[in-house]
Peer 1: 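Would you mind keeping the following structure in view while I ask a few things?
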Amino acid sequence: MIVLLGFYKRRSDLSWEQFSDHWRNIHGPLLRDTPQSTRHIRRYVQHHLRPNPAYPEAALPFDGFSEVWFDSIDARKAMHGDPEYQALISPTEVLFLDTAATRMQMIDMPVVQVGEPVRVDGEIVQFI
């Protein structure tokens with residue numbers, strides 16, 4: 001199991017609310033409802049980082065990040081290489097993201113310090 005973390009900035013002409021609305025209500029459902037792409041995904045989670053004026057100095061330089069869980073690196077490559085993903089999903093990212101500022105990080109060995117193991121479809125996720 002691998003988890004791809006994507007860190008995103010909104011396009012400069014969009015407010016945070018516009019960015020969040022598009023990501024939550026247009027991009028997310030488009031990805032969810034595209035079976036040829038999602039057959040490669042075990043889990044997709046969006047984290048919308050609402051600006052906090054009380055602590056501007058502590059803010060991350062991103063408007064949100066996502067977790068995309070795959071069984072393997074090959075599954076991730078297969079999704080991104082899928083013609084349906086390339087035709088339907090990838091082109092829409094420029095509608096709300098500053099794609100030049102997007103950053104990705106892949107993790108494969110989380111260390112759980114507190115809490116129960118993560119379950120997907122009732123099974124404990126085994127990280128290798």
Peer 1: Could you tell me which residues satisfy side chain to side chain contact (heavy atoms under 4.5 Å, CB included) with Thr34, sequence neighbours excluded, listed by chain and number?
Peer 2: Leu30, Ser37, Glu84, Leu88, Ile89

Peer 1: Residues in ring pair (Phe, Tyr, Trp, His ring centres under 6.0 Å) with Phe7, at least two apart?
Peer 2: Phe62, Phe65

Peer 1: By the definition side chain to side chain donor-acceptor pair (under 3.5 Å), identify the one residue from His47, Arg43, Gln46 that meets it with Glu67.
Peer 2: His47

Peer 1: Measuring from Phe70:CZ to Met1:CE, what's the distance to the nearest 0.5 Å?
Peer 2: 10.5 Å

Peer 1: Tell me, which pairs form a salt bridge (Lys or Arg N to Asp or Glu O under 4.0 Å) where one or both residues lie in residues 93-107, sequence neighbours left out?
Peer 2: none

Peer 1: Indicate the ring-plane relationship of Phe19 and His48, choosing parallel, tilted or perpendicular according to the 30° and 60° boundaries.
Peer 2: tilted

Peer 1: Residues in side-chain hydrogen bond (donor to acceptor under 3.5 Å, both in side chains) with Ser66, at least two apart?
Peer 2: Tyr8

Peer 1: If you take all heavy atoms of Arg24 and Pro29, which pair is closest and at what distance?
Peer 2: O-CD, 3.2 Å

Peer 1: Taking side-chain hydrogen bond (donor to acceptor under 3.5 Å, both in side chains) as the definition, give me every residue that meets it alongside Asp33, ordered by chain and number, with sequence neighbours left out.
Peer 2: none

Peer 1: So, using salt bridge (charged side-chain N to carboxylate O under 4.0 Å, His left out) as the criterion, who are the partners of Asp13 when residues are at least two apart?
Peer 2: Arg11

Peer 1: Applying side chain to side chain contact (heavy atoms under 4.5 Å, CB included), run through Ile41 and Trp69 and close with a yes or a no.
Peer 2: CA-CA 6 Å; Ile41 298 174; Trp69 296 36; 5.7 Å; no

Peer 1: Could I get the full list of side-chain hydrogen bond (donor to acceptor under 3.5 Å, both in side chains) partners for Ser12, not counting sequence neighbours?
Peer 2: none

Peer 1: Restricting to ring pair (Phe, Tyr, Trp, His ring centres under 6.0 Å), what partner residues turn up for His40, sequence neighbours left out?
Peer 2: none

Peer 1: To the nearest 0.5 Å, what is the distance between OG1 (Thr38) and CZ (Arg32)?
Peer 2: 10.0 Å

Peer 1: My understanding is that only residues two or more places apart in sequence, or in another chain, count here; which of them pass side chain to side chain contact (heavy atoms under 4.5 Å, CB included) with Gln86?
Peer 2: none

Peer 1: Please say yes or no: joined through hydrophobic side-chain contacts below 4.5 Å, possibly via intermediate residues, are Ile73 and Val68 part of one cluster?
Peer 2: yes

Peer 1: Tell me, please, which residues at least two apart from His80 pass side-chain hydrogen bond (donor to acceptor under 3.5 Å, both in side chains).
Peer 2: none

Peer 1: With sequence neighbours left out, what residues match Ile26 under side chain to side chain contact (heavy atoms under 4.5 Å, CB included)?
Peer 2: His22

Peer 1: In terms of hydrophobic clustering (I, L, V, M, F, W, Y; side-chain heavy atoms under 4.5 Å; direct or indirect links), are Tyr44 and Met106 co-clustered?
Peer 2: yes

Peer 1: The test is side chain to side chain contact (heavy atoms under 4.5 Å, CB included); show your working for Leu97 and His27 and say whether it passes.
Peer 2: CA-CA 11 Å; Leu97 296 178; His27 185 78; over 6 Å; no

Peer 1: Checking Arg10 now: which residues fulfil salt bridge (charged side-chain N to carboxylate O under 4.0 Å, His left out) with it, not counting sequence neighbours?
Peer 2: Asp63

Peer 1: State yes or no: do Leu60 and Val3 share one hydrophobic cluster built from I, L, V, M, F, W and Y residues joined by side-chain heavy-atom distances below 4.5 Å, directly or via other members?
Peer 2: yes

